Amino acid sequence: MLHLVYTVLLLSAAFNTGSSLPSFEIDWSTVAWIAGGAVTAVVAAPIAVGALGFTAAGISAGSGAAGLMSTFAGMNGGATVAGGVVATLQSAGAIGLTAKGITVLAIAGGGFGYLAKSYFLDENCVLKQKGWGFV
């Protein structure tokens, strides 16, 4: 549900409202890339956390999560830090993302979507290609 709210906010912020504040023109293609990046990040993050081995039942033995926990425990004298990377990922795997986590992911994903659009497409929304691949 929240990803729909973020998409609406991105769409509403993308157009000139006629105010005296500085603004810039943005086209629908850019809005689509930003919204797509935001939604993809919010949807893919829980899948990626689960695939690493952070589950509701705990950290899966032999998984990437177990290796990460072992690494961080070794760096901290045998224990993981409360509120650290491993604890945060385990929390996300066990109960899902918080509103703050979803917001951060949506902002980062939207920024990545904008960068991806400017990397792959020119100002006329045509793929930038040279020879065998992209610029």
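All values reported here derive from a predicted model rather than from experimental measurement.
- Going from atom CG of L105 over to atom OG1 of T98 covers 9.0 Å, rounded to the nearest 0.5 Å.
- Across all their heavy atoms, A66 and S60 have their closest contact at CB-O, 3.6 Å.
- In this structure, CD1 on I95 lies 10.0 Å from CD on Q90, to the nearest 0.5 angstrom.
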Quiz: residues 40-59 side-chain donor-acceptor pairs under 3.5 angstrom, not counting sequence neighbours:
{"from": "T40", "atom 1": "OG1", "to": "G36", "atom 2": "O", "distance (Å)": "2.6"}
{"from": "T55", "atom 1": "OG1", "to": "A57", "atom 2": "N", "distance (Å)": "3.4"}
{"from": "T55", "atom 1": "OG1", "to": "G58", "atom 2": "N", "distance (Å)": "3.4"}
{"from": "T55", "atom 1": "OG1", "to": "G58", "atom 2": "O", "distance (Å)": "2.5"}

Under 3.5 Å, which donor-acceptor pairs do the side chains of residues 67-81 form with other protein atoms, sequence neighbours left out?
{"from": "T71", "atom 1": "OG1", "to": "G67", "atom 2": "O", "distance (Å)": "2.9"}
{"from": "N76", "atom 1": "ND2", "to": "F72", "atom 2": "O", "distance (Å)": "3.0"}

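- I107 shares a hydrophobic cluster with no other residue; no ILVMFWY side chain has heavy atoms under 4.5 Å from its own.
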